[in-house]
Amino acid sequence: MAEVLVYVDHVDGAVRKPTLELLTLARRIGEPVAVALGAGAADTAAVLAEHGAARVLTHDAAEYADYLVVPKVDALQAAVAAVSPAAVLVPSSAEGKEIAARLALRTGSGIITDAVDLEASDEGPVATQSVFAASFTTRSRVSKGTPVITVKPNSAAVEAAPAAGSVEALEVTFSAQATGTKVTGRTPRESTGRPELTEAAIVVSGGRGVNGAENFALIEALADSLGAAVGASRAAVDAGWYPHTNQVGQTGKSVSPQLYIASGISGAIQHRAGMQTSKTIVAVNKDAEAPIFDLVDYGVVGDLLDVVPQLTDEITTRKG
Amino acid sequence: MKIVVCVKYVPDATGDRHFADDLTVDRDDVDGLLSELDEYAVEQALQIADEADDAEITVVTVGPEDAKDALRKALSMGADKAVHVEDDDLHGTDAIGTSLVLAKAIEKAGYDLVISGMASTDGTMGVVPALVAERLGVPQVTLLSEVSVEDGVVTGRRDGDAASEQLQASLPAVVSVTDQSGEARYPSFKGIMAAKKKPVESWDLSDLGIEAEDVGLEGAWTAVDSAAARPARTAGTIVKDEGEGGKQLAEFLAGQKFI
Ligand SMILES: Cc1cc2nc3c(=O)[nH]c(=O)nc-3n(C[C@H](O)[C@H](O)[C@H](O)COP(=O)(O)OP(=O)(O)OC[C@H]3O[C@@H](n4cnc5c(N)ncnc54)[C@H](O)[C@@H]3O)c2cc1C
Ligand SMILES: Nc1ncnc2c1ncn2[C@@H]1O[C@H](COP(=O)(O)O)[C@@H](O)[C@H]1O
């Protein structure tokens with residue numbers, strides 16, 4: 001059977017959920033072969049095997065942490081040469097897209113970014129994408145070379161599919177470009193204990209209507225009552241009320257949770273771009289004319305300072 | 001220091017964006033503008049040029065006739081000159097092809113520093129700067145929310161998912177900046193008047209030594225098979241808060257098994 005390369009996004013060996021989703025999609029096209037790089041690479045094998053990786057190619061070198069993007073491209077290129085895969089799947093993070101693009105160019109292959117679904121066809125994998133702020137759905141293929149496709153989080157279910165997951169060392173020779181951009185410092189993002197925004201099943205977001213950093217405590221309390229991640233509109237981020245890492249939208253994170261709750265957010269096109277594909281959408285806004293209400297399954301026209309705390313209390317009571 | 005800024009002319013996101021019959025982005029029927037995210041690139045170029053003794057900013061766009069509007073806007077913000085790469089054979093070019101054209105144009109213009117936006121607001125791929133760096137064989141220092149250039153070295157901060165990274169590379173290099181890098185200035189009246197006299201060169205594929213078959217719809221390494229408008233969401237229930245809005249919402253969420 002044809003093999004499909006899956007680039008593993010991991011932090012010191014802890015595999016992030018979107019990679020496991022990629023294994024689900026990869027199995028529709030062929031047999032998944034994972035590529036894990038950097039510190040802790042070999043530690044990823046057990047969980048990858050549980051989810052369908054037949055082989056796990058690993059390589060560790062200081063270059064992966066010390067230089068931007070290119071060392072990883074060199075390694076994936078070596079993996080493509082060694083495996084001759086039917087496709088290469090990469091998680092659609094900012095870095096993932098850059099790695100994928102350079103790999104595609106080097107291997108003379110087309111690239112598709114931000115796929116939300118993938119299926120096999122006689123002409124190779126067909127990717128579904130959501131474009132123009134999720135107002136159109138397209139289906140595309142790569143017509144030259146080995147398809148390189150980046151896939152958004154929450155595009156497939158994580159499925160158990162035990163496979164061998166045999167760890168093999170990948171031979172990598174770094175290119176002259178590998179050491180071009182030095183990482184001179186790194187400040188890890190502090191964990192909030194809440195789910196990852198792009199991976200969460202529920203996202204609770206606040207916008208300009210939250211009216212102050214201190215009021216974001218209400219949004220956080222609602223999020224915690226549901227075990228949700230916290231998001232923010234750009235207006236709230238620009239005002240300094242919430243960190244940019246939590247911004248939802250075109251220039252922030254794109255989320256596609258089971259439930260999205262928007263409070264004090266008008267629903268500008270750039271915000272919709274990042275949340276329109278959520279399964280169920282709920283909004284609280286005091287303006288009945290706010291465009292966000294065009295998207296909702298359920299909306300409350302009212303002051304969020306009243307509605308949100310009442311909702312949180314009710315959820316806490318019901319959960320007992 | 002020669003700075004080249006890559007700017008894209010895009011359909012207005014607040015307009016009715018759609019596809020043409022050949023499944024390329026319709027650029028005729030929809031109002032276009034300089035991609036807002038590329039204004040940040042022009043702004044950072046202007047600031048870097050201010051700090052340098054002797055800097056010249058060239059803005060480059062690859063796009064149809066109307067794309068000149070994007071160049072004019074960048075010139076009125078303060079860029080020195082512009083290059084418009086225009087050729088009928090470019091219609092339908094994908095990101096890989098665009099990076100080829102940009103790389104050739106940047107080389108022809110001459111450069112020490114290339115600055116791009118984080119992503120185009122129509123394609124939103126965010127890959128062209130990395131591809132241009134790969135083609136030029138120079139460091140990519142991308143997705144910066146802070147950037148500066150001193151003594152031939154570019155440094156910047158890249159806020160990633162897992163960490164915020166401090167980056168450093170020697171010129172020549174390709175940089176891209178995010179919308180966190182600092183508000184872009186509005187063109188002044190004086191700037192708008194001055195822009196009218198600034199040089200705009202037009203180059204076609206033969207000027208760049210590119211074969212038509214390597215770009216355009218035919219030369220694309222990807223193919224779009226279909227594009228469909230997303231079905232409108234079915235109208236939801238909207239209630240006015242009369243004191244019980246939070247409880248009603250909880251009832252809805254419970255009914256959907258979220259509680
Ligand atoms: C290139 C570009 C990229 C962008 N990227 C993004 C992005 O990634 N994400 C993003 O979000 N935006 C983005 N924007 C900005 C976007 O256009 C909007 O400006 C922004 O989304 C508005 O945020 P908001 O809805 O919080 O604020 P507003 O539009 O000001 O809306 C606030 C809402 O709160 C309501 N409200 C006020 N008080 C209360 C109250 N007490 N109770 C209930 N409701 C209340 C108001 O009725 C209003 O509807 C981008 C813009 C550009 C040009
Ligand atoms: N046709 C184009 N002309 C000039 N610059 C472009 C073009 N397409 C993309 N770019 C540059 O590359 C960046 C990223 O674009 P993209 O990869 O298409 O999202 C943009 O912000 C621009 O700076």
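Per chain, numbering begins at 1; letters A, B, ... match sequence-line order. Owing to the predicted nature of the structure, the values given are computational and were not obtained by experimental measurement.
- Contact count versus chain B (heavy atoms, under 4.5 Å) is highest, among A/G145, A/G302, A/P188, A/S191, for A/P188.
- Nearest heavy atoms, A/A104 versus B/I96: CB-CD1, 4.3 Å.
- When heavy atoms are compared at a cutoff of 4.5 Å, A/L295 approaches chain B by way of both its backbone and its side chain.
- Ranked by heavy-atom pairs under 4.5 Å with chain A, the first of B/V138, B/T234, B/T142 is B/T142.
- Most heavy-atom pairs under 4.5 Å with chain B, from the set A/T181, A/V307, A/I281, A/T113: that is A/T181.
- In this structure, chain A has heavy atoms under 4.5 Å from both the backbone and the side chain of B/M125.
- Residue contact with chain A, scored on non-hydrogen atoms closer than 4.5 Å, involves the side chain of B/L253 exclusively.
- Each of A/E95, A/R318, A/Q270, A/Q177 has some count of heavy-atom pairs under 4.5 Å with chain B, and the biggest count is that of A/R318.
- For B/D159, no part lies under 4.5 angstrom from a heavy atom of chain A.
- In terms of non-hydrogen atom pairs under 4.5 Å with chain A, the most contact-rich of B/K240, B/E244, B/R157, B/R158 is B/R158.
- Rounded to the nearest 0.5 Å, atoms CD1 (A/I269) and CZ (A/F132) are 10.5 Å apart.
- Annotation: side chain of A/K279 is in contact with side chain of A/S256 (closest heavy-atom distance under 4.5 Å).
- At least one side-chain heavy atom of B/E43 sits less than 4.5 Å from a side-chain heavy atom of B/R185.
- With chain A as partner, the option from B/P139, B/A130, B/S226 having the largest number of non-hydrogen pairs under 4.5 angstrom is B/S226.
- Looking at A/T280, both its backbone and its side chain come within 4.5 Å of chain B, counting heavy atoms on both sides.
- Here the side chains of A/T277 and A/K152 are not in contact, with every heavy-atom distance at 4.5 Å or above.
- Heavy-atom pairs under 4.5 Å with chain A were tallied for B/G126, B/S99, B/A13; the largest tally goes to B/A13.
- Between chain B and the residues A/G227, A/G108, A/S92, A/A133, the largest count of heavy-atom pairs under 4.5 Å involves A/G108.
- Neither the backbone nor the side chain of B/S145 comes within less than 4.5 Å of any heavy atom of chain A.
- Of the two parts of B/A220, only the backbone, made up of N, CA, C and O, holds a non-hydrogen atom closer than 4.5 Å to a non-hydrogen atom of chain A.
- Proximity to chain B involves both the backbone and the side chain of A/V300, based on heavy atoms less than 4.5 angstrom apart.
- Proximity to chain A involves both the backbone and the side chain of B/Q248, based on heavy atoms less than 4.5 angstrom apart.
- The contact between A/K253 and chain B is made entirely by side chain atoms (from C-beta outward), counting heavy-atom distances below 4.5 Å.
- With a 4.5 angstrom heavy-atom cutoff, A/V69 touches chain B only via side-chain atoms.
- The residue from B/I3, B/V175, B/V154 that alone fulfils the side-chain contact (heavy atoms from CB on, under 4.5 Å) condition with B/V149 is B/V154.
- No salt bridge links B/R135 with B/E107; every basic N to acidic carboxylate O contact stays at or beyond 4.0 Å.
- Ranked by non-hydrogen atom pairs under 4.5 Å with chain A, the options B/V239, B/V127, B/I238 are led by B/V239.
- Between A/S225 and A/L311, every side-chain heavy-atom pair lies at or beyond the 4.5 Å cut-off.
- In this structure, B/I48 CD1 and B/E150 CD are separated by 11.5 Å, a value rounded to the nearest 0.5 Å.
- B/T121 touches chain A through backbone and side chain together, each having a heavy atom under 4.5 Å away.
- Heavy atoms closer than 4.5 Å to chain A are found in both the backbone and the side chain of B/E165.
- At least one side-chain heavy atom of B/L171 sits under 4.5 Å from a side-chain heavy atom of B/M1.
- Of the atoms belonging to B/L37, it is side-chain heavy atoms, and not backbone ones, that fall under 4.5 Å from chain A.
- With a 4.5 angstrom heavy-atom cutoff, A/L304 does not touch chain B via any of its atoms.
- Using a 4.5 Å heavy-atom threshold, the side chains of A/K286 and A/L305 count as separate.
- For the pair B/R233 and A/D297, the salt-bridge criterion is met [side-chain N within less than 4.0 Å of a carboxylate O].
- Taking the six-membered ring for Trp and thresholds of 30 and 60 degrees, B/F252 and A/Y298 have nearly parallel ring planes, at less than 30 degrees apart.
- For CD of A/E119, the number of neighbouring non-hydrogen atoms (other residues, nucleotides, ligands) closer than 6.0 Å is greater than 12.
- Salt bridge status for A/K97 with A/D114: present, with a side-chain N to carboxylate O gap under 4.0 Å.
- By number of non-hydrogen pairs under 4.5 angstrom with chain A, the leading residue of B/H18, B/Q180, B/M118 is B/Q180.
- Annotation: maximal heavy-atom pairing with chain B below 4.5 Å, among A/D306, A/T179, A/V282, occurs at A/V282.
- Of the listed residues A/E314, A/E196, A/R16, A/R106, the one with more heavy-atom pairs under 4.5 angstrom with chain B than any other is A/R106.
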